[in-house]
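The structure appears below as structure tokens.
So that the names make sense, note that chain A is the first sequence line, chain B the second, and so on, each numbered from 1.
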2 protein chains.
Amino acid sequence: MSAAKTKKTVTNETALAEQLREVGLRPTQQRMALADLLFGRGNRHITAESLYNDALTAGVNVSLATVYNALHTFTAKGLLREITIDSTRSYFDTNVDEHHHFYFEKSGRLEDIDHTSVKLARLPEAPDGLPVSRIDVVIRIDG
Amino acid sequence: MSAAKTKKTVTNETALAEQLREVGLRPTQQRMALADLLFGRGNRHITAESLYNDALTAGVNVSLATVYNALHTFTAKGLLREITIDSTRSYFDTNVDEHHHFYFEKSGRLEDIDHTSVKLARLPEAPDGLPVSRIDVVIRIDG
DNA sequence: CCCTAACATTAGAATTATTCTAATCTTATT
DNA sequence: AATAAGATTAGAATAATTCTAATGTTAGGG
Ligand SMILES: [Mn+2]
Ligand SMILES: [Mn+2]
Ligand SMILES: [Zn+2]
Ligand SMILES: [Zn+2]
């Protein structure tokens with residue numbers, strides 16, 4: 001039982017480490033712990049501060065600066081997507097597939113909208129035919 | 001000629017003051033100067049810092065804190081619209097009509113897209129039938 | 001008209017969000 | 001195991017934004 005648990009943990013840790021190595025990142029203690037918090041439980045929209053608090057609660061020894069470093073590094077490697085919606089906080093999204101968002105202004109919560117739920121018709125040409133890197137649709141909700 | 005010029009200036013100042021009074025704001029020196037810089041020349045996308053620099057260049061005696069105050073107050077009164085696109089700076093838009101944006105990631109410049117140029121079809125229902133306060137479409141351009 | 005009280009506005013100080021960089025780790029190579 | 005090169009961490013610094021106490025404005029009242 002203890003052995004099984006240990007084995008499972010080791011396997012998970014190895015998988016996580018492998019995931020990080022695959023994108024060219026060293027599987028350090030801090031990154032492993034943060035990746036576990038981020039990718040362990042379904043899609044999430046988090047802030048640096050909320051992830052930092054999650055880490056503190058989980059007893060992970062990491063600084064807020066390192067949380068920022070990890071979030072930006074993961075974003076650069078395509079493991080996260082940054083969403084800017086509110087000038088007082090940056091959100092990071094564990095769902096990196098094409099999708100859009102409801103934003104609840106009062107609570108600051110984000111909710112995914114599947115990209116097939118929104119049809120963008122009659123899109124204008126980008127100036128000079130420059131490449132479009134992304135189209136973001138945010139539906140702001142009063143509540 | 002000098003009289004005409006003075007008259008015209010006074011008229012402009014009076015119009016500007018009236019515009020401010022109409023939304024319930026006192027036409028103070030700082031606000032008049034900032035409103036003049038903001039609304040004097042067509043639609044603009046500005047940041048607190050850029051407006052502050054415009055004010056310094058124009059010889060207006062105003063603090064950066066007051067620029068923030070004015071931008072937020074004007075936004076609350078519907079004279080401006082705040083656009084959050086980049087976590088490092090907040091933009092304020094003198095165009096308060098319904099419209100969307102191209103965002104040039106490299107330069108940080110915003111460009112208006114007329115709302116009739118974008119057709120949003122098949123929009124999902126807001127959860128709990130809550131009211132939608134705004135829909136923002138941002139087309140991010142690499143260049 | 002001036003005074004005054006109530007309230008609005010300003011801006012220096014404080015705070016918060018984010019980034020910088022020097023010290024510390026990690027790892028590939030021997 | 002030792003080393004060196006580069007990556008990562010986190011305390012310190014900075015930049016963006018907000019707070020609050022001082023100052024300014026204005027609508028009555030004398
Ligand atoms: Mn900010
Ligand atoms: Mn900030
Ligand atoms: Zn999402
Ligand atoms: Zn605009």
Side-chain angles (χ1 to χ4, degrees), chain A residues 13-14 16-38 45-56 59-77 79-80 82-92 108, chain B residues 13-14 16-38 45-56 59-77 79-80 82-92 108:
Chain A
E13 279 176 24
T14 303
L16 211 55
E18 202 39 52
Q19 232 193 324
L20 290 176
R21 271 193 240 272
E22 262 164 28
V23 298
L25 297 176
R26 290 180 179 174
T28 63
Q29 292 237 307
Q30 288 90 339
R31 285 216 276 240
M32 294 284 281
L34 294 175
D36 192 42
L37 289 169
L38 281 171
H45 300 108
I46 61 108
T47 64
E49 199 69 32
S50 79
L51 180 58
Y52 180 59
N53 288 333
D54 288 356
L56 290 187
V60 174
N61 193 257
V62 67
S63 72
L64 181 56
T66 295
V67 171
Y68 274 100
N69 285 336
L71 289 172
H72 287 139
T73 305
F74 289 177
T75 300
K77 297 300 186 177
L79 302 177
L80 290 176
E82 188 169 2
I83 300 172
T84 307
I85 276 199
D86 180 310
S87 58
T88 66
R89 46 196 159 190
S90 269
Y91 289 85
F92 292 84
Chain B
E13 277 176 25
T14 302
L16 211 54
E18 203 38 52
Q19 232 194 323
L20 291 176
R21 271 193 238 272
E22 262 163 29
V23 297
L25 296 176
R26 291 180 178 174
T28 63
Q29 292 237 307
Q30 289 89 340
R31 285 217 276 242
M32 293 285 280
L34 293 175
D36 192 43
L37 289 169
L38 281 170
H45 302 107
I46 61 109
T47 64
E49 198 69 32
S50 80
L51 179 58
Y52 180 58
N53 288 333
D54 288 357
L56 291 187
V60 175
N61 192 256
V62 68
S63 72
L64 181 56
T66 296
V67 170
Y68 274 100
N69 285 337
L71 289 172
H72 287 139
T73 306
F74 290 177
T75 300
K77 297 300 186 178
L79 302 178
L80 290 176
E82 187 169 2
I83 301 172
T84 307
I85 275 199
D86 180 310
S87 58
T88 66
R89 47 196 158 188
S90 269
Y91 290 86
F92 292 84

Polar atom pairs between nucleotides 19-24 of chain D and protein, under 3.5 Å, N or O only, would you list them?
from   : atom 1 : to    : atom 2 : distance (Å)
D:dG24 : N2     : B:R26 : NH1    : 3.0

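Separating the CG atom of A:L71 from the C1' atom of D:dT9 is a distance of 14 Å, rounded to the nearest angstrom. If you measure from atom CG of B:L20 to atom P of C:dA8, you get 16 Å, rounded to the nearest angstrom. One interatomic measurement links the two molecules: CD of A:Q29 to C1' of C:dT27, which rounds to 16 Å at whole-angstrom precision. Atom-to-atom, CE of A:M32 to C1' of C:dT26 comes out at 14 Å; the value is rounded to the nearest Å. C:dT26 atom C1' lies 12 Å from atom CD of A:Q30, rounded to whole Å. Between the NE2 atom of A:H72 and the C1' atom of D:dA7 there is a distance of 18 Å, rounded to whole Å. One interatomic measurement links the two molecules: OH of B:Y52 to P of D:dA15, which rounds to 14 Å at whole-angstrom precision. In this structure, OH of B:Y68 is placed 16 Å from P of C:dT16, rounded to the nearest angstrom.
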In a table with atom names and distances, give each donor-acceptor pair under 3.5 Å that connects a side chain of residues 64-73 of chain B to protein atoms at least two apart or in another chain.
from  : atom 1 : to    : atom 2 : distance (Å)
B:T66 : OG1    : B:S63 : OG     : 3.1
B:N69 : ND2    : B:A65 : O      : 3.4
B:H72 : ND1    : B:Y68 : O      : 3.3
B:T73 : OG1    : B:N69 : O      : 2.7

For residues 22-30 of chain B, tabulate all N or O donor-acceptor pairs below 3.5 Å that involve a side-chain atom, not counting sequence neighbours.
from  : atom 1 : to    : atom 2 : distance (Å)
B:T28 : OG1    : B:R31 : N      : 3.3

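Within the 4.0 Å cut-off from OP1 or OP2 of D:dA10, at least one side-chain nitrogen or oxygen of A:T66 is found.
The structure places CG of A:L37 at 12.0 Å from CE of A:M32, a figure rounded to the nearest 0.5 Å. Summarising the geometry, atom CG belonging to B:L20 is positioned 7.0 Å from atom CG belonging to B:L79; distances are rounded to the nearest 0.5 Å. A:Y91 contributes atom OH, which lies 11.0 Å from atom CD1 of A:I46 (distance to the nearest 0.5 angstrom).
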Problem set entry | Trace of the side chain to side chain contact (heavy atoms under 4.5 Å, CB included) decision for A:I85 with B:T84 | CA-CA 5 Å; A:I85 276 199; B:T84 307; 5.8 Å; no
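Looking at which nucleotide of DNA chain C each of B:T88 and B:L25 is closest to, the 5′-most match is held by B:L25. Residue-to-nucleotide proximity on DNA chain D shows that, of B:S90 and B:R21, the 5′-proximal contact is made by B:S90.
A:L64 comes within 4.0 angstrom of a nucleotide base, judged by non-hydrogen atoms across all strands. At a threshold of 4.0 angstrom between heavy atoms, the contacts of B:T73 with the nucleic acid are absent.
Across A:R89 and A:G108, no two heavy atoms sit closer than the pair NH2-CA, 3.6 Å.
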